Amino acid sequence: MSDTPILQVEHLSKYFPVQRGLFRKTVAHVKAVDDVTFTVHKGECLGLVGESGCGKTTLARCLLRLVEPDKGRIVLHGEQQALDIVSASRKEMLDVRRQMQIIFQDPFSSLDPRWRVTDVVAEPLIAQRIGRAEAARRVLELLPTVGLGAHFADRFPHELSGGERQRVSIARALIVSPPLVVADEPVSALDVSVRSQIINLLLDLQSQMNLTYIFIAHDLSIVKHISHRIAVMYLGQLVELGTTRQVFEQYRHPYTKALLASALIPDPTRRDEGYVLEGEVPSPINPPSGCHFSTRCPFAQERCSAEEPALRDMGDGHWVRCHFAEELDLSEEIFAPVAALG
Ligand SMILES: Nc1ncnc2c1ncn2[C@@H]1O[C@H](COP(=O)(O)OP(=O)(O)O)[C@@H](O)[C@H]1O
Ligand code: SF4
Ligand SMILES: [Mg+2]
């Protein structure tokens with residue numbers, strides 16, 4: 001891993017309009033991604049975690065302009081030049097897609113059922129104007145790398161297991177040899193029994209092909225072993241960013257503590273031994289004023305709902321979005337035991 005940036009995301013925002021009535025009047029906005037800033041370094045795996053609905057997928061899709069961002073910059077430090085993806089032309093986007101690819105969460109809906117594996121995997125090459133015969137040759141060469149025999153090339157997605165489908169999605173992402181891969185919860189739709197195989201495959205491929213990953217998950221336990229650094233997201237914003245050690249052992253944001261506490265519950269039927277957050281996740285349509293976490297934070301004070309905290313550098317590349325990050329004592333069991341909540 002190096003300190004050389006491959007991707008710089010600056011003040012990125014995406015608000016979806018909420019429309020009502022006959023004339024589809026915009027009555028509010030879902031702040032799915034709200035002023036997100038971070039850098040990805042060459043060769044690292046950056047984990048991105050947060051509860052369902054906090055904006056992870058929207059952020060991932062913005063990075064590839066599968067969703068158009070409203071504000072901010074996404075600078076890709078490419079092989080030849082640096083390029084702002086947000087303002088890139090159609091031709092420049094073709095180059096971006098050769099350098100950055102995405103693996104989607106659900107291999108059941110992300111693969112077209114009418115296409116054979118060979119066509120699915122070859123598609124990004126065809127988009128790069130590579131001829132069909134050459135594309136088919138490269139697909140056959142790549143399949144064993146993702147653990148699939150050559151005989152899979154002629155199969156249809158419905159003839160494959162979940163794990164095999166996700167291997168196809170991985171091959172499809174890697175066929176253009178992109179240095180940067182965004183993996184959006186790549187194992188959460190799979191059976192528990194095959195999850196570690198796919199994670200291990202992604203790890204092997206990273207070292208073999210010198211890949212940089214942005215790896216999205218909804219809980220911290222899954223990213224712990226694979227990430228060099230971790231970004232924690234809450235209601236569209238990053239609330240903590242640091243090395244895996246800083247986030248797991250020297251966390252400074254109460255929400256990170258809460259996520260860690262809930263990750264300690266190994267078996268959902270025995271929740272009484274764990275600790276959870278009180279209250280529902282507020283709606284991203286009208287996030288709480290000031291600190292977005294103020295309605296659930298046990299440390300909230302008057303200033304928290306009045307003034308929005310900035311993501312601040314605490315030193316050594318450890319960033320935290322909390323007014324009181326320096327002084328909070330997070331060693332206490334601050335979150336109510338589930339049993340006490342009834
Ligand atoms: N196309 C869309 N139109 C309107 N709202 C959307 C759209 N996509 C996502 N959202 C909303 O944006 C928020 C973030 O969603 P998402 O990025 O899917 O979160 P996550 O991946 O963390 O579960 C949610 O409130 C979701 O309902
Ligand atoms: S700013 Fe206030 S409400 Fe937000 S996390 Fe810090 S203490 Fe809690
Ligand atoms: Mg998602």
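Counting starts at 1 for both ligands and their atoms, in listed order. Treat the numbers as computed from the prediction; the structure is a model and nothing was measured.
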Side chains of [X] and [Y]: closer than 4.5 Å at any heavy-atom pair?
{"X": "L46", "Y": "H228", "answer": "no"}
{"X": "H77", "Y": "T4", "answer": "no"}
{"X": "R132", "Y": "I126", "answer": "yes"}
{"X": "E326", "Y": "V320", "answer": "no"}
{"X": "L59", "Y": "M233", "answer": "yes"}
{"X": "Y251", "Y": "E249", "answer": "no"}

ask   = Which N, O or S atoms belonging to the protein are less than 2.8 Å from the Mg ion (ligand 3)?
value =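 Correct list: T57 OG1.
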Tell me: protein heavy atom nearest [atom], and distance?
{"atom": "atom 1 (N) of ligand 1", "result": "F16 CE2, 3.6 Å"}
{"atom": "atom 11 (C) of ligand 1", "result": "V30 CG1, 3.9 Å"}
{"atom": "atom 18 (O) of ligand 1", "result": "T57 CB, 3.8 Å"}
{"atom": "atom 23 (O) of ligand 1", "result": "G53 N, 2.6 Å"}

Below 4.0 angstrom, counting only protein heavy atoms, does anything approach atom 20 (P) of ligand 1?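 It does: a protein heavy atom is found less than 4.0 Å away from atom 20 (P) of ligand 1.
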Less than 4.0 Å from atom 7 (C) of ligand 1, is there any heavy atom belonging to the protein?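 So far as the 4.0 Å threshold goes, atom 7 (C) of ligand 1 is in reach of a protein heavy atom.
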Residue portion contacting ligand 1 (non-hydrogen atoms closer than 4.0 Å) for T58:
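For T58, backbone and side-chain atoms both sit under 4.0 Å from ligand 1.
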Pick one of side chain, backbone, both or neither for how P284 approaches ligand 1, counting any non-hydrogen atom pair under 4.0 Å.
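Side chain only.
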salt_bridge([X], [Y]) N-O dist < 4.0 Å:
{"X": "E123", "Y": "R172", "result": "yes"}
{"X": "D154", "Y": "R116", "result": "no"}
{"X": "E134", "Y": "R137", "result": "yes"}

* To do: Spell out the protein N/O/S atoms under 2.8 Å from atom 2 (Fe) of ligand 2 as residue plus atom name.
  =>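 Counting only protein N, O or S atoms under 2.8 Å from atom 2 (Fe) of ligand 2, the list reads C304 SG.
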message: Side chain or backbone, does L59 bring an N or O within less than 3.5 Å of an N or O on ligand 1?
response: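 No; the residue has no nitrogen or oxygen that sits under 3.5 Å from a nitrogen or oxygen of the ligand.
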Worksheet entry | Heteroatom distance test (G55, ligand 1): nitrogen or oxygen, under 3.5 angstrom |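 Among all N and O atoms of G55, at least one is under 3.5 Å from an N or O of ligand 1.
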_Within the structure, is a non-hydrogen atom of H253 found at a distance of less than 4.0 Å from ligand 2?_
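Yes, H253 has a heavy atom closer than 4.0 Å to ligand 2.
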Can you see which heavy atom on [X] is nearest to which on [Y], and at what distance?
{"X": "T39", "Y": "P5", "result": "CG2-CB, 3.7 Å"}
{"X": "H323", "Y": "P309", "result": "CE1-CA, 3.5 Å"}
{"X": "I216", "Y": "P186", "result": "O-CD, 3.9 Å"}

Which of the ligand 1 atoms, numbered from 1, are nearer than 4.0 Å to a heavy atom of S52: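 Going through ligand 1 atom by atom, the ones under 4.0 Å from S52 are 23 (O).
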Inset, instruction - Show which atoms of ligand 1 fall inside a sub-4.0 Å distance from at least one heavy-atom site of A32. - result: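 Ligand 1 atoms under the 4.0 Å threshold to A32: 12 (O), 13 (C).
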- Message: Using the side-chain hydrogen bond (donor to acceptor under 3.5 Å, both in side chains) definition, which of the options K257, Q246, H318, R252 pairs with E240?
- Response: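 Only match with E240 under side-chain hydrogen bond (donor to acceptor under 3.5 Å, both in side chains): H318.
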Inset, instruction - Mind telling me whether Y234 and F293 have parallel, tilted or perpendicular rings, with 30° and 60° as the class edges? - result: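 Ring orientation, 0 to 90° scale: perpendicular.
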Exercise. Where does the angle between the aromatic ring planes of Y255 and H253 fall among parallel (under 30°), tilted (30 to 60°) and perpendicular (over 60°)?
Worked result: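 Plane angle over 60°, so perpendicular.
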- Query: Between F152 and R155, is there a cation-pi geometry (under 6.0 Å to ring centre, at most 45° from the normal)?
  - Reply: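 Yes, cation above the ring, under 6.0 Å and within 45°.
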